[in-house]
Amino acid sequence: MTVESTAARTSRRSAGSKAGSTGTKAAGTRGRAGAKKGADPELVQLLTPEGKRVKNAEYDKYVAGITAEELRGLYRDMVLTRRFDAEATSLQRQGELGLWASLLGQEAAQIGSGRALRDDDYVFPTYREHGVAWCRGVDPTNLLGMFRGVNNGGWDPNGNNFHLYTIVIGSQTLHATGYAMGVAKDGADSAVVAYFGDGASSQGDVAESFTFSAVYNAPVVFFCQNNQWAISEPTEKQTRVPLYQRARGFGFPGVRVDGNDVLACLAVTKWALERARAGEGPTLVEAYTYRMGAHTTSDDPTRYRGDEERLAWEAKDPILRLRRHLESAHHADEGFFAELEAESEALGRRVREAVRAMPDPDDFAIFENVYADGHALVDEERARFAAYQASFADAEGV
């Protein structure tokens, strides 16, 4: 298993003009959608798909002091997050996990925004923010217990200021808004970030969160990872306007950033967090990116999207983009990449061994705590399930 996906390596071998033809435009403003269907949208971009650093008068100052070591750190974060994610997908295919939601292609959006946070900021994720969890110091193996069915989260949210994963679509934005309102009442200067996807933006909970946060000037950043697909529903069937423009109707700013550009995601999130801490209220950040894999391991994306779209986005791979920049700026040598390759393989082994050492899920835990005092129907369902489980043992004994 290498640190770059097979598709990314293929893109790197192809002509650089291919990446340029599918790259997004840089914009110093807070963006507007392309006028024509299929046109690249205007968005905040600091690194082109070829890894070239471009200037942005509004956001350059938020990354002006970044060092070569910090850039290598961002690259390391993305590579290790992708390696962990790939291992988790493999473990699900081997029957070790019940389900897995991959972040493949969204590493820059998550690492860039995650590294913009302070320790005292608080994060409310969905179920795909494995890169943000990495930035918050949550051990990757703790994420997998829930997907194996042996715990209900596996980490203390207050230990890392990183809330448990939220499966109900969009509800975490309300949790984040309420928490942010409490932060403001406490007089703290910390901020709150709520992560959600383009599909969740259609939920009523998100609209209610926008209303409350605007009216109460809550110090919250709504970070929407627009990966183009809400399972099998494309973004253009979810909204008539670019997602970031929805903020305007609620009375606070929105900005669209190149979600495959880790440097731009870092800069824009820092700007939004500074607004929150300064008492200027909420911000909507739309990270324009792409889900290069399936929605979850139970999904087959080939049934609703074509190879041409996927290949165009693979040319904008976030890890490959930063690697090109590191190489062209002489910020990293082959020794660095080789050492990181070995580290990523060691992480994969550790995750694999940890998951296989976990206990099997309790088959009957689902029936516990449904009612405080028990229920006859639950007892009946438990008995029927026990009989079903026992039938397998009978079959093995034949």
Side-chain angles (χ1 to χ4, degrees), residues 1 4-8 10-11 78 81-110 125-134 140 143-150 153 164-173 195-203 205-206 223-239 243 259-260 286-319 348 351-352 355 361 366:
M1 179 73 69
E4 294 175 2
S5 66
T6 302
T10 302
S11 300
M78 289 195 292
T81 298
R82 179 172 291 187
R83 181 64 183 87
F84 158 68
D85 180 69
E87 191 63 41
T89 299
S90 297
L91 286 165
Q92 193 283 330
R93 297 306 190 200
Q94 296 163 22
E96 300 289 350
L97 303 177
L99 187 73
W100 184 247
S102 173
L103 59 60
L104 183 62
Q106 298 178 220
E107 295 89 354
Q110 295 193 17
T126 63
Y127 46 79
R128 201 188 300 274
E129 273 68 59
H130 319 313
V132 185
W134 173 269
L143 301 177
L144 300 178
M146 182 180 73
F147 290 94
R148 188 174 171 85
V150 299
L164 298 178
Y165 275 4
T166 305
I167 307 301
V168 178
I169 305 300
S171 64
Q172 73 279 3
T173 59
Y195 287 88
F196 60 100
D198 49 293
S201 70
S202 299
Q203 294 291 107
D205 285 359
V206 175
F223 196 93
C224 176
Q225 293 173 84
N226 179 2
N227 63 21
Q228 311 302 314
W229 291 93
I231 307 183
S232 59
E233 197 75 357
T235 306
E236 60 263 25
K237 290 188 177 181
Q238 302 174 61
T239 179
L243 295 179
N260 284 20
E286 178 194 355
Y288 197 80
T289 182
Y290 192 73
R291 191 194 77 216
M292 289 201 286
H295 173 71
T296 69
T297 46
S298 65
D299 170 44
D300 178 9
T302 64
R303 299 183 64 180
Y304 54 81
R305 68 185 190 191
D307 289 341
E308 182 180 353
E309 175 184 292
R310 177 178 53 80
L311 290 171
W313 278 94
E314 285 177 353
K316 295 180 268 191
D317 182 277
I319 294 180
V351 168
R352 187 163 57 249
V355 169
I366 192 173

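The chain is numbered in sequence order, starting from 1.
Within the 4.5 Å cutoff, no side-chain heavy atoms of Thr166 are placed close to those of Phe196. Put simply, the side chain of Pro125 does not reach to within 4.5 Å of the side chain of Val132, judged on heavy atoms. Side-chain contact check for Gln110 versus Gln225: some heavy-atom pair is nearer than 4.5 Å. Here the side chains of Tyr127 and Gln172 are not in contact, with every heavy-atom distance at 4.5 Å or above. Met146 has its side chain within reach of Ile167: a pair of non-hydrogen atoms, C-beta onward, lies under 4.5 Å apart. For the pair Tyr304 and Asp299, the minimum side-chain heavy-atom distance is below 4.5 Å. No side-chain heavy atom of Thr81 sits less than 4.5 Å from a side-chain heavy atom of Arg83.
Atoms NZ and CG, from Lys316 and Leu311 in turn, are 12.0 Å apart once rounded to the nearest 0.5 Å. In this structure, the separation between CG on Leu91 and CG on Leu144 is 7.0 Å, given to the nearest 0.5 Å. Asp198 contributes atom CG, which lies 10.0 Å from atom OH of Tyr288 (distance to the nearest 0.5 angstrom). Note that NE2 of His295 and CG of Asp300 are 13.5 Å apart. Values are rounded to the nearest 0.5 Å. Separating the CD atom in Gln228 from the CZ atom in Arg310 is a distance of 15.0 Å, to the nearest 0.5 Å. The OG1 atom of Thr89 sits 10.5 Å away from atom CD of Gln94, with the distance rounded to the nearest 0.5 Å.
Here the side chain of Arg93 pairs a donor or acceptor atom with the backbone of Thr297 at under 3.5 angstrom.
In this structure, a donor-acceptor pair under 3.5 Å is present between the side chains of Asp85 and Ser102. At a cut-off of 3.5 Å, with distance as the only test, no side-chain donor of Asn227 or Thr289 sits close to an acceptor on the other residue. A donor and an acceptor atom, one from each side chain of Glu309 and Tyr290, are located under 3.5 Å apart.
The aromatic ring centres of Trp100 and Phe84 sit less than 6.0 Å apart.
Nearest heavy-atom pair, Leu97 versus Gln92, reported as atom, atom and distance to 0.1 Å: O-CG, 3.4 Å. Between Asp205 and Ser171, the closest heavy-atom pair is OD2-CA, 3.4 Å. For the pair Glu286 and Leu243, the tightest heavy-atom approach, listed with the atom from each and the gap, is OE1-N, 3.5 Å. Scanning both residues, Arg305 and Gly293, for their nearest heavy atoms gives NH2-O, 2.9 Å. Shown here for Arg291 and Pro301, the closest heavy-atom pair between the two residues is NH2-CB, 4.2 Å. What you find for Ala287 and Ala109 is that their closest heavy atoms are CB-CB, 4.0 Å.
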### Query
Run the side-chain contact (heavy atoms from CB on, under 4.5 Å) check on Tyr165 and His130 step by step: do they pass?
CA-CA 10 Å; Tyr165 275 4; His130 319 313; 2.8 Å; yes
